[in-house]
Each structure stands twice: as structure tokens, then as C-alpha cells.
Amino acid sequence: MAAATLHPSPINTTDRLTDSHGRVIHDLRVSVTDSCNYKCVYCRTGEVGAQYPELRIEEYLRLIRLFVDLGITKVRLTGGEPLLRRGLVELVRELAHMRTFDGQRLDLALTTNGHLLDSLAAPLKAAGLNRVTVSMDAVDAPTFERITRIPGSFKKVLAGIRAAREAGLTPLKVNCVLMRGFNDDQIEGFARFAREENVVVRFIEFMPLEEGRLWTPEIVVPLAEIVERIGRVLPLVPMAAREASETARRYGFEDGAGEIGIIAPVSQAFCGACSRVRLTSDGKIRTCLFSQVEHDLYGRLRAGESDAELRAYIHRTIQGKEARHHIGEPGFMKPSRSMVHIGG
């Protein structure tokens, strides 16, 4: 589908997405599949196949175009595992033709488990992808493969990281979800990995988004502990945030070589600066990871609503975006989908 056909009606460029709490929404995360070729023990109970329908590539493009019309400047493609999705390179190529309000290219990123990245990094870069984030929860092969439950997965992911770096999909970020008593022995090793592989390692506090596992506060490894432990072996210095809505607290190594980040939604929530909205693989809007309600944008598209009507629906939906999550509070309820079915 030609990119020019995706913008059929005039846009009021003053209609930027802003929620009722005054937050400007400019970051769209789009899941293109909830299938995954890993069975990570903290994420899912073992199922591999898709649970929810997938849209056609041209339908994702039309829905994304609506958000871009409303001021979205960054699109991150997620899953499940997005590299499993047929037509992904073509989707990236078409997105690279879209322009923001200001006539700029979209900031295009992708989150992946990295298993298929060694062969797809160069084609994705050539299509217009800017950056990639790889989910990787251990830096030694036995622990990593115990987590993924896939033999040989560590070698494949390491090859994917190196291929992405070679292709120029940088700054290349590696995300590690930490759980006490499970993989928190990897913290210091990841700090060294950041320097040796020239990647930005980001530790993520474990959130109640999993299938079939009981989340408790005791499982969470908080930001302060991570900083203290790394600092014992490799002294850290705080770094300034690139933008107010950045989710990670940034730290550099004292000698200037390398960077880590810590995403602390549990111990130091950043909801007040949230700039994100999510679109699931079956075309539902989620205004927060922990939403109990989804909004069926694709159903309205299928019913024949015009682009103007769909944009108005997006506006109304964003107005209802939650002020914050309630992790750890009395009465907290897990979201209506687990993380693999929402999109990272």
C-alpha cells in the first residue's frame, strides 16, 4: 500500500493528543502479534501461539496514520515477538514514509527477544528502522536458557545484538527484568556486558503482568539496590534525562565508558510524565499497561467509520487515560491481559 493513500482527509494540527491530566501523548506502542517463540518463565505459562487475532499490515498502517495525524512522533513495534510477523519489513518501510506534524520522520523503534535479529537487523535498518531494544534476562547461557526454555537461545540473541549494532540500530538497548532469587545474581554481570558489548543495559523492576505467576513486592529488586550493587564494582554517576517522559533513570560509569538505565515503575513510578498509548495486535487501544478497559478502534474501522470519526474516538479515549497505576495498593487488580498479549 502506498504511503500517500494513508492520509485521505485534512487534519487540524492543533488537535494534538493531550489527556485530562495535561500530559501530551506522543509515543505509540503497536503490537503486531502476540505470538512468541520463547516461553520465558516469568512471562507466560508455556503457550507459544497467538491468542488474539492479527490485523493486516495495511490495517495497522491506517490505524497508525490516525495517531500520527494527532501528534504521535514515536512508534515502537512490539509483540509477542514482532520478528515473527510476516510483512514486518514492509510495515517499517511504509512507516518510514510517514511524517509528523512538523514534517519530520517518525522515530521508529522495535522491541524484540533477539532470536531472529541476526538475519533481520540489516533489512530492518535499510527499511527505515532507527533503533532496537532486545529483551535479555541473563548474561550466562545456562541461566538464560532456563528462563527462555529454548536451547541455544543465548547464542542466537548474542548474535542478534551484535548484528543490530553492526547494522547501526543504535543506541542499542538491552532490557533485563529482574526478580529476586531468580536472576538478581546477573546484575553485576550485566554492568560489565554493557561496557563489553557497547550497549545500554536497562534493568526493569518486575511488574504484575505475567501469566500464571503470583506477583509480590518481595520479588521486586528496587532501583536503589541495583545502583548500590553495581556501584561496589563499577562506580556510577547519575545522568540527565533526555526528556521529561523518559522512563529510565540513567547512570553512566564513572570512567565514562558505558551506560545503564533503571526503569522503576514499582518503587519510583513515573506516571505523572507518561506520554504513551498502546495499540494491541487486534486493534484495541490501551491507555495504560494496567488498564482494565480496552477501546475497540479496529471494530470502528471495520464498521466503516471515517478517518475523522476514528480520530475523534482516539481523542475521547485519550481523555480518559488513567492518572497512574496502583501497583501494591489495596484492591489492585492485574490488567485484563498479560504483557505478552499487550505489547511491550
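A quick note: this is a predicted structure, and the numbers were derived from the prediction, not measured.
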| Worked check of salt bridge (Lys or Arg N to Asp or Glu O under 4.0 Å) between R149 and E145 | CA-CA 5 Å; R149 296 186 279 194; E145 291 168 19; over 6 Å; no
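- Side chain of E205 to main chain of L223: a donor-acceptor pair is present (N/O by atom type, distance under 3.5 Å, no hydrogens or angles).
- For the pair F101 and G71, the tightest heavy-atom approach, listed with the atom from each and the gap, is CZ-N, 3.7 Å.
- One N or O on the side chain of R85 and one on the backbone of V32 form a donor-acceptor pair closer than 3.5 Å.
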| task | Decide yes or no on salt bridge (Lys or Arg N to Asp or Glu O under 4.0 Å) for R300 and D296, but give the supporting numbers first. | result | CA-CA 7 Å; R300 290 171 174 264; D296 191 5; over 6 Å; no
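- Taking each heavy atom of S135 and T111 in turn, the nearest pair found is OG-CG2, 4.0 Å.
- Remark: E228 engages R232 in a salt bridge, criterion side-chain N to carboxylate O under 4.0 Å.
- In this structure the side chain of R99 never reaches within 4.5 angstrom of the side chain of Q104, judged on heavy atoms.
- In this structure, a donor-acceptor pair under 3.5 Å is absent between the side chains of T33 and E81.
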| Does the side chain to side chain contact (heavy atoms under 4.5 Å, CB included) test come out yes or no for R192 and V233, once each step is laid out? | CA-CA 9 Å; R192 297 184 184 95; V233 294; 4.2 Å; yes
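- Here L301 contributes atom CG and Y313 contributes atom OH; the two are 12.5 Å apart, rounded to the nearest 0.5 Å.
- Note that the CD1 atom of I147 and the CG atom of N183 stand 4.5 Å from one another [nearest 0.5 Å].
- Across all their heavy atoms, V227 and L236 have their closest contact at O-CD1, 4.0 Å.
- Interatomic distance, CG of N175 versus OG1 of T133, reported as 5.5 Å (0.5 Å rounding).
- In this structure the side chain of F253 never reaches within 4.5 angstrom of the side chain of P235, judged on heavy atoms.
- Distance check: S275 OG to L28 CG gives 11.0 Å after rounding to the nearest 0.5 Å.
- Under the 6.0 Å distance and 45° angle rule, R146 counts as a cation-pi partner of F182.
- Taken together through direct or relayed side-chain contacts under 4.5 Å among Ile, Leu, Val, Met, Phe, Trp and Tyr, I57 and M98 form part of one hydrophobic cluster.
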| task | Check the pair E59 / R62 against salt bridge (Lys or Arg N to Asp or Glu O under 4.0 Å), numbers first and verdict last. | result | CA-CA 5 Å; E59 291 172 327; R62 183 178 172 193; over 6 Å; no
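- Atoms CG and OG1, on D185 and T143 in that order, are 6.0 Å from each other to the nearest 0.5 Å.
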| said: If you apply the rule side chain to side chain contact (heavy atoms under 4.5 Å, CB included), what do you find for M179 with V221, and how did you get there? | reply: CA-CA 6 Å; M179 290 177 287; V221 184; over 6 Å; no
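- For R56 and Y60, the side-chain atoms include no donor-acceptor pair closer than 3.5 Å.
- One side chain, T287 or E322, offers a donor N or O that lies under 3.5 Å from an acceptor on the other.
- Residues Q186 and V139 are in side-chain contact: their nearest non-hydrogen atoms beyond the backbone lie under 4.5 Å apart.
- Residues L116 and N37 have side chains in contact (heavy-atom distance under 4.5 Å, counting atoms from C-beta outward).
- For G114 against T112, the heavy-atom pair with the smallest separation is N-OG1, 2.9 Å.
- Checked by atom type and distance alone, the side chain of E90 never pairs as donor or acceptor with a backbone atom of G87 at under 3.5 Å.
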| message | side chain to side chain contact (heavy atoms under 4.5 Å, CB included) for V157 and Y38? Distances and angles first, verdict last. | response | CA-CA 12 Å; V157 173; Y38 281 3; 3.2 Å; yes
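- Salt bridge present: E225 and R229 bring a charged side-chain N and a carboxylate O closer than 4.0 Å.
- Note on V24: it does not cluster hydrophobically with V68, by side-chain heavy-atom contacts below 4.5 Å among ILVMFWY residues.
- Residue-environment remark: CZ (R86) stays at or below the threshold of 12 foreign heavy atoms within 6.0 Å.
- Annotation for I25 and C274: closest pair CD1-O, 3.9 Å, computed over non-hydrogen atoms.
- Inter-residue side-chain proximity for D282 and E54 is flagged as unmet; no heavy-atom pair is nearer than 4.5 Å.
- Taking the side chain as every heavy atom from C-beta outward, F67 and L297 approach each other to under 4.5 Å.
- Annotation: side chain of I314 is in contact with side chain of L66 (closest heavy-atom distance under 4.5 Å).
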For residues 254-261, tabulate all N or O donor-acceptor pairs below 3.5 Å that involve a side-chain atom, not counting sequence neighbours.
from, atom 1, to, atom 2, distance (Å)
D255, OD1, R195, NH1, 3.0
D255, OD1, A257, N, 3.0
D255, OD2, R195, NH1, 3.4
D255, OD2, R195, NH2, 2.7
E259, OE1, R250, NH2, 3.3
E259, OE2, R250, NE, 2.9

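- Side chains of V200 and L172 form no contact here, defined as non-hydrogen atoms less than 4.5 Å apart.
- A side chain to side chain contact (heavy atoms under 4.5 Å, CB included) with L83 is found for one member of L117, N113, V89 and no other, namely L117.
- In this structure, the separation between CZ on R93 and CG on L129 is 12.0 Å, given to the nearest 0.5 Å.
- Not one N or O on the side chain of D19 forms a donor-acceptor pair closer than 3.5 Å with the backbone of K321.
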| Yes or no on side chain to side chain contact (heavy atoms under 4.5 Å, CB included) for V30 and I64, after CA distance, side-chain angles and deciding distance? | CA-CA 8 Å; V30 182; I64 293 168; 4.0 Å; yes
| Between R76 and D107, is a salt bridge (Lys or Arg N to Asp or Glu O under 4.0 Å) present by the stated rule, with each step listed? | CA-CA 8 Å; R76 178 174 291 275; D107 182 4; over 6 Å; no
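- Contact between T280 and R286 at its shortest, heavy atoms only, is CG2-CD, 3.7 Å.
- For R16 and D102, the salt-bridge test passes: some basic side-chain N is under 4.0 Å from an acidic carboxylate O.
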